[in-house]
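Worksheet: the structure to be examined is printed underneath.
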Number of protein chains: 2
Amino acid sequence: MELDLAQLRALDATVRGGTLEAAARALHVTPSAISQRLRALEIAAGRILLVRTKPVQVTGSGQAVLRLARQVDLLTADVARELGDDTAPGAVPTLPIAVNADSMATWVLPALAPLAGEVCVDLHREDQEHTSALLRTGTVMAAVTSDADPVPGCTSTRLGGMRYRPKATPDVARRWFPDGPTPEALARAPVVVFDRKDDLQHRWLHARAGTGVVPPQHLVPASADYVSAVALGFGWGMVPDLQARDVGVELVELDPDGAVDVPLYWQQWRLRSATLDRVREAVLAAAARELDRA
Amino acid sequence: MELDLAQLRALDATVRGGTLEAAARALHVTPSAISQRLRALEIAAGRILLVRTKPVQVTGSGQAVLRLARQVDLLTADVARELGDDTAPGAVPTLPIAVNADSMATWVLPALAPLAGEVCVDLHREDQEHTSALLRTGTVMAAVTSDADPVPGCTSTRLGGMRYRPKATPDVARRWFPDGPTPEALARAPVVVFDRKDDLQHRWLHARAGTGVVPPQHLVPASADYVSAVALGFGWGMVPDLQARDVGVELVELDPDGAVDVPLYWQQWRLRSATLDRVREAVLAAAARELDRA
């Protein structure tokens, strides 16, 4: 297959923008030029790469070519930067990264902020889809994830653990747990849960009170808002140590033996890219400072 | 169609929990009892209501029956409460509500907190799916949304407007906008965008600098984290007045004429329920305090 950079870039821009018109605006060409490049790329690949819905949908074959397009784009931007060519399109490369919600709300943004001038981050909440699928399809080039198993073509590096503890406001603790987290109290006390896939609360709950226990539960599916809900007294919840210090109230720890460590990993494509290397170093350095090294 | 409360509750619990086993745990019966109730409900309805995948999937007919199940459950819980029966299953009713991300991160949780003991909230981020679809299918009973058009069977009440202003840290403003937000500066300055559907930044950008302008952009798809990214200096962004006061730094307003009001509406099912009424009152009262009444 003959590589044509303009065609690959048209594919990438169309998927990013969702439409041929958005891609045309991003690349400063006409929609018909985008359309021609996409057709030429499909002829070269011998396959349909995009379904022309609004927004466009990437086919299975399209995902492989898209992944290639983004790798080539990153490498091209690296070279342009080395050569001091800041005006080339893509001189500020975009790095799509999946990040689990609690990491995004705490240590990852400050880690990436110093690089904000040289790389654009395109963050994906890990909980929206499965991170391994995002890596495999090339939607993201790297991920901060609790999934240790490297996706084929990726490396996986342990970052450390995020520590969660069962906590509540003093009011909630007094009202619902006057005798501590007994099975009876846990069966009645409301619990705040992040979303349906979040089993952190239920692991501790079931360990203390048995699997038959179904307390009233509030679902608050945003990381900072989840901790706000615990701080506002909706119920108890598993709160990361990194977030507990940022809420206005002093939260009470319900069980000194109830801490849970969630290990986190950095997964990234095997790709020698100066930009990706710098982001990796920033993430690893921040993880070493902020996460538990159990 | 004969109504059977236990069957309807089995349907609701199965959809909430995702599996028959989870429904069985929630209702304190065996999975086989759940399975029998679902089958009986499907025979009564004359239609397949659930596809038995993991998690289960609701069919089109299933959605209508699910909506009925949740309405009946809420009304039953209302009556149980009126009769002083706190031990009945469902005595703490669960109210599924869709909330747009910025409202969830600011004024909605404090508004609902006083009701947390009498109603469990099951919040859905509006940006995850279309709110009207969530209302229509019965996944949520109410919504805080920028969508004014009432879904069939729902009422729509204007809550007020959320005001956004183009802002940046003093450092970002100095570095990228030494002469203010000129078209040239806006073409080069990095912008922070919430997600691909978020066009707030681009509306102001295109009004000031033309539609051909494509600055470097960072995507940060969580509301509190979005404002953090602006406060950390990733770039400029449209920041709600309600959130600007919570960040550690004093943000600079880039354009006194750049404010955008996003109107918000309360949509809910037409249903006389004391619980739903109380939640509605709490939301409307908080909106009157917190939102702009333009």
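A note on names: the letters A, B, ... follow the listed sequences, proteins ahead of strands, and every chain is numbered from 1. Every value quoted in this text rests on a predicted model; they were computed, and no experiment measured them.
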Note to self: Heavy-atom cut-off 4.5 Å, strictly under: side chain, backbone, both or neither for A/Leu112 against chain B?
What the structure shows: both
Notebook entry, point to check: Heavy-atom distance under 4.5 Å to chain B: side chain of A/Val192, backbone, both or neither?
Noted result: neither
Note to self: Please identify, among B/Ala116, B/Ser223, B/Gly17, the residue contributing the most non-hydrogen atom pairs under 4.5 Å to chain A.
What the structure shows: B/Ala116
Next item on the list: Name the member of B/Ala105, B/Ala22, B/Ala224, B/Pro216 that forms the most heavy-atom pairs with chain A at distances under 4.5 Å.
Entry: B/Ala105
Please report the shortest heavy-atom distance between [X] and [Y], naming the atom on each side.
X        : Y        : result
A/Val119 : B/His218 : O-CE1, 3.1 Å
A/Arg25  : B/Val214 : O-CG2, 3.3 Å
B/Pro221 : A/His124 : CG-CA, 4.4 Å

Next item on the list: Report yes if the side chains of B/Gln217 and A/Arg16 come closer than 4.5 Å at any heavy-atom pair, otherwise no.
Entry: no
Note to self: If we check side-chain contact (heavy atoms from CB on, under 4.5 Å) with A/Asp225, which of these qualifies: B/Val108, B/Leu109, B/Thr106, B/Val99?
What the structure shows: B/Leu109
Check: Between CG of B/Leu123 and CG of A/Asp195, what distance do you get to the nearest 0.5 Å?
Finding: 12.0 Å
Notebook entry, point to check: Most heavy-atom pairs under 4.5 angstrom with chain B, which of A/Ala113, A/Ala229, A/Ser228?
Noted result: A/Ala113
